[in-house]
Each structure stands twice: as structure tokens, then as C-alpha cells.
*Asks:* 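Attaching a single structure in C-alpha cells format; questions to follow.
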Amino acid sequence: AANLLELAQQQTTRCDVRAYNTALSVCKASRKGWLAAAQFLEGLNKKELRPTVVSYGACMRTCERSTQWQRVFCLLQETGLHQIEIS
């Protein structure tokens, strides 16, 4: 997922939030995918794209799967700062 996203960016293809969300969703397949998920979420902010509830949910599920509970808690706090309602 990371390679495809990077390739798309190099080819001047504008990656939107959906592309990042797809990459975030793929990260949960790996136990250490939470690192990549955190980088993708950070990449959204760097590209001045607004993360969605799907973005945060995918990242939290990946962190939860890897037992990164502190990171999940931080992400929950971020959603409050960005006024994103998690159900």
C-alpha cells in the first residue's frame, strides 16, 4: 500500500482522502501496520487533506490489532480536536 501511494504521488497523481483511507485499511493486515497507518494519517495532514471518520477508524483498528492502546487513546483525542464524531 505504501509503495502504491508513493508511486502515485511521484507520478503527479493527486492522492485524495479515499486513497489514504484505502492505504490505512490495508495496514491492519500486518501486526506492525500501526506504524504505517500512523504515517499515512500524518501524511493526510501534511497534504492538507482532512482525515475523515473512516481515516481515524481504520488507523484505530490497526493500532488496536497491534495492542497499541496508548496510540488509540491519542487518536480518540485527535478526533475530538478535529470535531470528528466516532460512533
Side-chain angles (χ1 to χ4, degrees):
N3 292 340
L4 286 174
L5 200 56
E6 186 178 319
L7 181 62
Q9 291 169 343
Q10 289 174 356
Q11 300 298 320
T12 66
T13 301
R14 189 174 186 312
C15 292
D16 62 5
V17 174
R18 290 177 295 181
Y20 278 90
N21 288 348
T22 301
L24 281 163
S25 295
V26 171
C27 291
K28 69 182 174 190
S30 167
R31 278 292 215 208
K32 297 206 182 228
W34 71 273
L35 290 169
Q39 290 174 341
F40 286 136
L41 197 60
E42 187 178 311
L44 276 167
N45 292 318
K46 285 183 180 177
K47 298 289 183 183
E48 297 181 6
L49 296 170
R50 183 180 166 101
T52 65
V53 67
V54 174
S55 309
Y56 279 102
C59 193
M60 282 189 256
R61 281 189 299 279
T62 301
C63 291
E64 179 261 339
R65 179 180 170 98
S66 301
T67 64
Q68 297 295 319
W69 302 111
Q70 187 174 6
R71 183 68 182 145
V72 172
F73 181 71
C74 290
L75 290 168
L76 281 171
Q77 288 181 318
E78 275 184 43
T79 61
L81 294 173
H82 294 289
Q83 299 177 343
I84 295 172
E85 188 175 319
I86 302 288
S87 54

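What you see is a predicted model; the values in this text were computed from it and never measured. By convention here, the first residue in the shown sequence is residue 1.
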*Asks:* Quick one: does Ser30's side chain have a donor or acceptor within less than 3.5 Å of a partner on Cys27's backbone?
*Replies:* no

*Asks:* May I have the list of side-chain donor-acceptor pairs in residues 51-60 shorter than 3.5 Å, sequence neighbours left out?
*Replies:*
| unit_1 | atom_1 | unit_2 | atom_2 | d |
| --- | --- | --- | --- | --- |
| Thr52 | OG1 | Asn21 | ND2 | 3.4 |
| Thr52 | OG1 | Val54 | N | 3.2 |
| Thr52 | OG1 | Ser55 | N | 3.2 |
| Thr52 | OG1 | Ser55 | OG | 3.2 |
| Ser55 | OG | Asn21 | OD1 | 2.5 |
| Ser55 | OG | Thr52 | N | 3.0 |
| Tyr56 | OH | Glu78 | OE1 | 3.0 |

*Asks:* Identify each donor-acceptor pair in which a side-chain atom of residues 65-75 lies under 3.5 Å from a protein atom, sequence neighbours left out, and give them as a table.
*Replies:*
| unit_1 | atom_1 | unit_2 | atom_2 | d |
| --- | --- | --- | --- | --- |
| Arg65 | NE | Lys28 | O | 2.9 |
| Ser66 | OG | Arg31 | O | 2.3 |
| Ser66 | OG | Thr62 | O | 3.3 |

*Asks:* Please determine whether residues Val26 and Leu35 belong to a single hydrophobic cluster, defined as Ile, Leu, Val, Met, Phe, Trp and Tyr linked transitively by side-chain heavy-atom distances below 4.5 Å.
*Replies:* no

*Asks:* Grab the two heavy atoms, one from Tyr20 and one from Phe40, that are nearest each other, plus how far apart they are.
*Replies:* CD2-O, 3.5 Å

*Asks:* Taking side chain to side chain donor-acceptor pair (under 3.5 Å) as the test, write out the residues that go with Glu42, two or more places apart.
*Replies:* Lys46

*Asks:* CD of Gln77 to CG of Leu81: how many Å apart, nearest 0.5 Å?
*Replies:* 7.5 Å

*Asks:* Verify the cluster assignment for Leu76 and Trp34: are they in a single hydrophobic cluster under the rule of side-chain heavy atoms below 4.5 Å apart?
*Replies:* no

